[in-house]
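The shown structure was predicted, so the numbers you read here are calculated from the model rather than taken from an experiment.
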Amino acid sequence: MTKRMLTAVLTVALALSLTACGGRTQQEAGETRTVYTMDTVMNLTAYGENASAALDAAEETLRTLDAKLDRHDKASAVSALNRDGTVEDAELAQLTDIARTIGELSGGAFDPTVAPVMDAWDFTGDAPRVPSDEELSALLAHVGLEKLSVDGNTIALSDGAQLDLGGIAKGYAGDAVRTVLAELNVTSAVIDLGGDVGLLGAKPDGSDWRVAVKDPADPSEFLGVLTAADTFVVTSGIYERGFEENGVRYHHIIDPKTGKPAESGLVSVTVVCGDGAWADALSTACFVLGEAGSLALRDTLAAEKNLRIELILVTDDGHVRYTAGLAERFEPSEEGTYVYEAIIA
C-alpha cells in the first residue's frame, strides 16, 4: 500500500466516511461529537435516528467517569481513596478489581498502584525529570498489587499506596460509551478516545471498519491498516508521551518492577480485544512484558479467562509481528523499512 493510499485510508475510513457527503441523509452519514475529557480529545461518531441523543448521553457518561476517576481532581472518588485510604463506590470497585486482576495475570506488568513513580517522572507535567535510583527505590516500597484490596464495593489501600487508573480508564470509558449507544439503538459507531478506538458493530453498509495503526517511529505515518468490527483497537507506544534529558529519550510506559521506562525490546503494542478496559490495560502490560511475555499472557487469557486477544508487536530492531488471527485482517504498509511477519502459534 502506497503512502497516498494509506493517507486515503486514514482520512476516508476514519473521517470522511463518518461525515455527511452529497446526497446522503444525516442518518446515513452519521453524527460526530468532539469531547475534551480525560486529558485528551475524543471523537465519537454514531449512526441512526437516535444518534444525536445517544451522543448526548455518551458525552455525559464520559464526563461523569472523568470526574470520578481523575486522581488529580480533589473531588474525585480516586482522590478520596488516595487521601483517606479507603472509599466505597460500586463502579470504582468494579474497575479497580479489573485492574488488579489484569495486574495479577500479567505478573505485575500492569500495576495501578504505580502512581508515586509516575508523579516522580512527571511525564505530563511542566517539569519532567529523571528520578534518582535512590528516589525510585524509596517510592517502589509503596507500589504493589498486595497493597490494593477490593471487598464488595469497598476499595482500600495500604502502606502509602496510591491508585492511578490512567492505564485503563479510557478503555473502560469506551466500554461504557458503547453500552450507552447500544441501549439507545445505535448499531454502528466509532469511539475514538484519543487513540483507543472502539467499534460498535460494523459500518452501516455491513462492511468492516478500517483502522490505521500508527508507526511508532513517525506517528504521522502508518504501519498498516486493520479491518475490524465490534471490537477495540488500542495501541501503547513510545511516541505517546516522553521527554529528552542529556541526549536520552525517556518514554512514559513504566515497568512497575524497576520504576523506569520499560526496556522490553518493543516500541509499540496494539491489542485487538472485544473489551475496552482489558484492551487498554493489556496494551501496557504487553509492552512491559515484551514479545515472549505477551504471547504467554495471550495464552493465559485464553485458558483462564476465555478471552481472545490479537496483537501487533513492533520491535526495536524493525520487525512488525502480528498474531495469526490478524493474518487476513492486517494489511501492512508498503512504505518504510519494517519486516512484517505473522506469528504462527
Side-chain angles (χ1 to χ4, degrees), residues 36-40 60-129 131 134-177 179 193-194 241 252-259 276-278 280-281 284-285 288:
Y36 183 81
T37 189
M38 293 189 174
D39 201 30
T40 192
E60 181 179 356
T61 296
L62 287 170
R63 297 197 184 282
T64 299
L65 283 173
D66 187 31
K68 176 177 291 190
L69 303 178
D70 182 1
R71 70 184 178 94
H72 299 293
D73 181 350
K74 293 181 180 179
S76 75
V78 172
S79 180
L81 171 63
N82 288 340
R83 180 177 61 250
D84 303 332
T86 184
V87 73
E88 186 171 338
D89 184 293
E91 184 172 48
L92 181 59
Q94 178 187 39
L95 177 54
T96 302
D97 194 50
I98 294 171
R100 186 184 61 174
T101 298
I102 295 171
E104 292 171 346
L105 289 169
S106 66
F110 179 79
D111 192 330
T113 70
V114 77
V117 173
M118 297 300 294
D119 286 344
W121 285 89
D122 196 28
F123 286 105
T124 60
D126 296 328
R129 65 186 181 87
E134 292 77 15
E135 182 180 1
L136 289 175
S137 179
L139 292 172
L140 287 171
H142 304 290
V143 173
L145 295 170
E146 72 281 358
K147 305 177 192 303
L148 172 65
S149 67
V150 180
D151 184 5
N153 294 335
T154 302
I155 313 102
L157 296 169
S158 62
D159 196 21
Q162 299 278 284
L163 186 68
D164 182 355
L165 294 172
I168 193 172
K170 286 198 299 180
Y172 181 82
D175 287 324
V177 166
T179 296
L193 307 181
R241 296 191 206 98
H252 77 294
I253 305 176
I254 295 295
D255 183 341
K257 290 183 172 60
T258 67
W278 281 78
D280 198 2
T284 298
V288 172

- prompt: Quick one: does Asp175's side chain have a donor or acceptor within less than 3.5 Å of a partner on Gly276's backbone?
  reply: yes

- prompt: Does any non-hydrogen side-chain atom of Asp89 lie less than 4.5 Å from one of Leu81?
  reply: no

message: Within this structure, what is the CG-OG1 distance for the pair Asp255 and Thr284, rounded to the nearest 0.5 Å?
response: 12.0 Å

query: Does the side chain of Asn153 come within less than 4.5 Å of Leu92's, by heavy atoms?
result: no

- prompt: Counting only N and O atoms by type, is there a donor-acceptor contact under 3.5 Å from the side chain of Asp159 to the main-chain atoms of Ala161?
  reply: no

- prompt: Measuring from Thr258:OG1 to Leu136:CG, what's the distance to the nearest 0.5 Å?
  reply: 8.0 Å

- request: Starting at CE of Met38, measure out to CG of Leu65 and round the result to the nearest 0.5 Å.
  value: 5.0 Å

query: Which atom names give the shortest non-hydrogen contact between Leu145 and Gly103, and what distance separates them?
result: CD1-C, 3.4 Å

task: List the steps and the verdict of side-chain contact (heavy atoms from CB on, under 4.5 Å) for Leu157 and Leu148.
output: CA-CA 5 Å; Leu157 296 169; Leu148 172 65; 3.6 Å; yes

query: What distance separates Ile102 CD1 from Asp111 CG, expressed to the nearest 0.5 Å?
result: 12.0 Å

query: Measuring from Asp126:CG to Asp122:CG, what's the distance to the nearest 0.5 Å?
result: 7.0 Å

query: Should Thr40 and Leu193 be marked as a side-chain contact (heavy atoms from CB on, under 4.5 Å) after you check the CA-CA gap, both sets of side-chain angles, and the distance that decides it?
result: CA-CA 7 Å; Thr40 192; Leu193 307 181; 5.6 Å; no

- prompt: Are any of the side-chain heavy atoms of Phe110 and Asp280 separated by less than 4.5 Å?
  reply: no

field: Side chain Trp121, main chain Gly259, donor-acceptor under 3.5 Å
entry: yes

query: Between Arg100 and Asp97, does at least one N-O distance fall below 4.0 Å, as a salt bridge requires?
result: yes

message: Looking at Thr61 and Val177, would you say the former's side chain and the latter's main chain have a donor-acceptor pair under 3.5 Å?
response: no

field: For Arg71, the option from Leu163, Leu165, Asp119 that meets side-chain contact (heavy atoms from CB on, under 4.5 Å)
entry: Asp119

